[in-house]
Amino acid sequence: MREGAALLQGLATCGKCGRHLHTHYRGRNASPGYHCSGKDLVQGRGVYCLNVGGIQIDHAVTDAFLKALTPAAVEATEQAMRQLEADHDAALGQWRLAVERAL
């Protein structure tokens, strides 16, 4: 279930142990962060494998996604424009035929 603003909630995995990262929120603005609950023992105390703030990570993932998407979006837009032109030309041709038949 998605309850916060963290972009990678439920998707990211720990680079150390491979477990799914959990999301947490801190501070007045509820800034997202990610942590791995696969605890190691260090001096008799449990320590998270990973605990990192999420703002920079989410921003980097968003930038990479948009950079990857942009060429595909441009191509899809160009293809849609070509299809619209072809549909318009076909409709115009049918109207011309109808006008010729009516005369």
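It should be emphasised that the depicted structure is a prediction, and the values quoted were computed from it without experimental measurement.
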Within a radius of less than 6.0 Å around CD of Glu75, do more than 12 heavy atoms belonging to other residues, nucleotides or ligands occur? yes
One should read off an interatomic distance between Arg19 CZ and Cys49 SG, to the nearest 0.5 angstrom, of 6.0 Å
To the nearest 0.5 Å, atom CZ of Arg82 lies from atom CG of Asp87 at 13.0 Å
According to the side-chain hydrogen bond (donor to acceptor under 3.5 Å, both in side chains) rule, which pairs have a member within residues 49-62, sequence neighbours left out? Tyr34-Asp58, His59-Asp63
Below 4.5 Å, heavy atoms only, C-beta onward: do Val52 and Ile57 meet side chain to side chain? yes
NE2/His24 to CZ/Arg26 distance, rounded to the nearest 0.5 angstrom? 3.5 Å
Note: Ala6 and Tyr25 closest approach over all heavy atoms is N-OH, 3.1 Å
So, for Cys36 and Leu21, which heavy atoms are closest and what is the spacing to 0.1 Å? CB-CD2, 3.7 Å
Can you measure from OG (Ser31) to CD1 (Ile55) and round to the nearest 0.5 angstrom? 3.5 Å
Sequence neighbours left out, what passes ring pair (Phe, Tyr, Trp, His ring centres under 6.0 Å) with His20? Give chain and number order. none
Share the residues that join Leu92 in a hydrophobic cluster, the rule being Ile, Leu, Val, Met, Phe, Trp or Tyr side chains under 4.5 Å apart at the heavy-atom level. none
For Thr23 against Gln9, the heavy-atom pair lying closest together: OG1-CG, 3.4 Å
Output for pair (Leu8 CG, Thr13 OG1), nearest 0.5 Å, gives 10.0 Å
